[in-house]
Structures are given as structure tokens and as C-alpha cells.
Amino acid sequence: MFETVLIANRGEIALRVLRACKELGVRTAVVYSAADADSAAVRLADQAVRIGPASSRRSYLNAAAIVEAARQVGAQAVHPGYGFLSEDADFAEICADNGLTFIGPPAAVMAALADKSSARALMSRAGLPLSPGSVAPVPTAAAAAEVADTVGYPVIVKAAAGGGGRGMTVVRTPGELRRAYTRTRAAAQAAFGDDRVYVERYLTEARHVEVQVLCDAHGNGVHLGTRDCSVQRRHQKLVEEAPAPALPAAVLDTIAETALRGALEVGFVGAGTLEFLVDAEEKFHFLEINCRIQVEHPVTEMVTGIDLVHEQLHIAAGVPLRWRQKEIRLHGVAVECRVNTEDPERGFAPTPGRLERFTPPGGPFTRVDTHASAGYLVGPWYDSLLAKVIVWAPDRELALNRLERALDEFDVAGPGVHTTIPFVRRVLDDAAFRKGRYTTGLVDRLLSAPAPGPTATPAPRTAPAPGPTATPAPRTAPAADPDATHRRTR
């Protein structure tokens, strides 16, 4: 095992990795920006290195500064968490060139899988089913139209280098395609430095089901069952659960076994997630593979009893996988919701501000992953994820009731600060969701319906405190999903 691990991230995931390292007797060091000087991770780490100002481009995305920090603290490995440089093959290669173990798959494997078009081609060769569409990028709007005419509308135009719900445009009619193609290429170039796109059939009534896998450098691998992540807004997840509900066990087993086969075929190493869309006929289609720990990993930990960050560290240290498939057992149901500092009533606009109150829920089988506390300043520089509330129960109904109870207990408030808790309550009250018969269209359906009035739902405890100190939330665009893939341009 490593002596010192440098944690190249911030927020709740930096704290999550730090705790795992300490439990394994590994010395911890964190990097931090000027905005995070007073963070919980900085306070609890054995050593902390300031690497730049608040801007992520000059701090958490600054590969040279992170490598220099690793040298300063004598680290043998770098854990990138999720987001930022976690799926940047260039950064993984830079770490290797400087004698540092990147806690993730090899750079060459990550480079092939981070490119969505390349990943589709690799998984197709491995025998995984794909959504109908192009495997290679489509170079012109005319070529995109040919693909769309073949597979049928609606289609979705996707950035090959995209991630985190960005770089995607749904096209419902032929007349929309040329403009959508041009706009998506321009957005992809601006966000990822890569304008390549591909086209596939858009499944309007689909479930988003993913599979957690662990693979070592010795050719061993296991899957840890499924998660359902269909509760999404603009392809960004709000509620996740394990295992995926209301699908036959045989279907879930086939998806999981297929995912593991695909991961092993492409030489994946580490903790990864293969994502699928499941259509109304229960046929599944490969979507993408994520080469990092994910925001929703706690639900898998809760139903398996396996610490995924511990396993990441062991695998990166060269230890053969400590589990065999027959030893993996799923127990009960776990559900997670993300508590973001966003205002659902204003298009989920971020609402930065200082927290005057912050009391997370407790109770049996209730876990809260957060870096926040009373007095914490939610700044405008990073994603708006404040906390994750995860619950476990022997069955799904009790798990959902437990999550509702936990959200009722969550007390968070500050001038101008709103959270997504009221909207999550709407999801939990939805009849289709309660039955497990929901699809990726659930959030749009709820947003198009009138919000419940004050007589139907008590005033949320997350509303900003009244008084002259309250300030209006800035009118900014919604922040990027923390699970997004940030790519450096060469």
C-alpha cells in the first residue's frame, strides 16, 4: 500500500477519499484553491498544498501544480476523485512520467474510453448492444441526416468528448437536424476542445441503468450489481438507487454480466461504471463507460458492504482483486439524493451564499456525505453539490420512507440559499416513481406540471431566512454536474 496519497479534488469527494486513506493507514495530502483554504479536507489532511486561486482552470485543473504538490509532500499516488482531471488521459500520463501512480485505469485505456465514439466502437467489438446510430463521428450535417433517416427520429447528437450531461442535443424532426448538428459541434469545441459528434436513436421512454465494476491489473473482475439513475434533469442525476427497481432479475443479471465482460475485454483497471439505456421492451443498449468513482457510488456500498474507495486504493497499489463474483451479495435497497444549492423554481439556478444553519439528518441506516457545516460559504466557482443523503432498508418502500424522513430532518438555510430538497420531495411523492415504473422523462414531466401549493406541501425548511439580510440569488446558468468529465486541451 502507498505511504502517502495526494487527493487532487475538493468538496465531499476529497473528504470521502481522505477518510478511506486514513482507515487504511495511508498518510493524506490535499491540494486546495484559495477559495477552499478553510475546507474540511484541508483541516483534516496530514498536509495541504495551495495550488492556485479560486478559478478551477488555475487550480484543480492545473496538472503541473498538482504534480509539483505531489513532489512536495512525497506522495506515491494521486487520487483524482470525480470531475476535474479524473478522466483526463493526459494527466494520467503526466503522473506516470513523474513516477506517480494515477488511481484509475491506464492512460491509454482511459483515452480510448473517454472518447464516447471510440468507446462505442470498442464495446461493439466486445459484443455489447448499442443504440442504433453511428459508431464513428459524423463529419457533416448531411452525413448526420443519413444516419437519422436510417435509425428514425427522434435522435440525439452527442459530443464524442462529452460528459456530465453536456454536449447533447435531442432532435425530433428532420427540419431541426442541421441547426442542432452545427450548434452541438460548436458547443463541443468550446467545452472540450473537440468538435466531433455522433448520432444515435433517442429513446424517449428509457431507464438509465448502470453497473459498477471492479477490475485489477491481473485480469480479474467483478460486478457489484446495478443502479438506476433515471431521475435526471438535462442528463444530470438527482436521485439514484440500487438495485434498479421493477426490472426482472434475469434482465439485471444479464446487464451486469455483459458490463463486466465489456470492461475486461477492453483492459479496464480500477473502479468503473458502464451505463445503459433500457427500453420499454427491456432491451438494453450500451451508453458509455466512466473511468472513475461516481457521485452515486454510496448506494452500491450500502447494498454490498464493500468500500469502493478502499478497493480503488488496493487495485492501484497492485493488489489482486480481493473479491470473487460468487462472494458478491446484494442486501436490501439503497437510495441516494443529491442536495444541491440550486433553486428549482428558477430553472435550478445556483444560489451561492453563506450557510447560517446546517444540520444534516441522522438515524438508523442514514448516511450523509458532505463537506459543509454551519458558516460554510457556498461560492460561485464550483458545482453546487452540497451533500448526498443515502439511506438503506430491507425493502424499497421502507427505503423511500426513510429518505423522506431524513429530508424532513435536514435543516439548511442562509440568506439567498435554496436547495433541491423540495423538488426531491416531489419526486418521492410521484406515483410512478413509488412503483419503480419511471423513466428518464420523469423530471421533465414534473417540471411541466404545476408545483404543489402551500396547502399540499408544508413550507420547506430550506427556504432563505426572511429579513433585511436576505439577498436575491444571482441569475446565473445552472452549474455543471460534479460528475462531469473536465478535459484539458493540449
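Along the sequence shown, residues are numbered consecutively beginning with 1.
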**Student:** Quick one: salt bridge (Lys or Arg N to Asp or Glu O under 4.0 Å) pairs with a partner in residues 241-260, sequence neighbours left out?
**Tutor:** E241-R396
**Student:** What residues, two or more places apart in sequence or in another chain, satisfy salt bridge (Lys or Arg N to Asp or Glu O under 4.0 Å) together with R10?
**Tutor:** D36
**Student:** Suppose we screen for side chain to side chain donor-acceptor pair (under 3.5 Å). Which residues come up paired with E12, at least two apart in sequence or across chains?
**Tutor:** Y82, K388
**Student:** What pairs with E205 under salt bridge (Lys or Arg N to Asp or Glu O under 4.0 Å), at least two apart in sequence or on another chain?
**Tutor:** none
**Student:** Who passes side chain to side chain donor-acceptor pair (under 3.5 Å) against N9, sequence neighbours left out?
**Tutor:** none
**Student:** Applying salt bridge (Lys or Arg N to Asp or Glu O under 4.0 Å), name anything that partners R434, two or more places apart in sequence or on another chain.
**Tutor:** E404
**Student:** Holding to ring-ring contact (aromatic ring centres under 6.0 Å, His included), I want the full list of residues that pass it with F284, two or more places apart in sequence or in another chain.
**Tutor:** F276
**Student:** With sequence neighbours excluded, what pairs up with W381 under the ring-ring contact (aromatic ring centres under 6.0 Å, His included) test?
**Tutor:** none
**Student:** Can you name the residues that form a ring-ring contact (aromatic ring centres under 6.0 Å, His included) with Y153, not counting sequence neighbours?
**Tutor:** none
**Student:** What pairs meet the salt bridge (Lys or Arg N to Asp or Glu O under 4.0 Å) rule with one or both residues in residues 173-182, with sequence neighbours excluded?
**Tutor:** none
**Student:** Could you work out, with side chain to side chain contact (heavy atoms under 4.5 Å, CB included) as the rule, every residue matching R261, not counting sequence neighbours?
**Tutor:** L128, T258, E265
**Student:** For residues 436-448, which residue pairs pass the salt bridge (Lys or Arg N to Asp or Glu O under 4.0 Å) check, not counting sequence neighbours?
**Tutor:** D430-R445
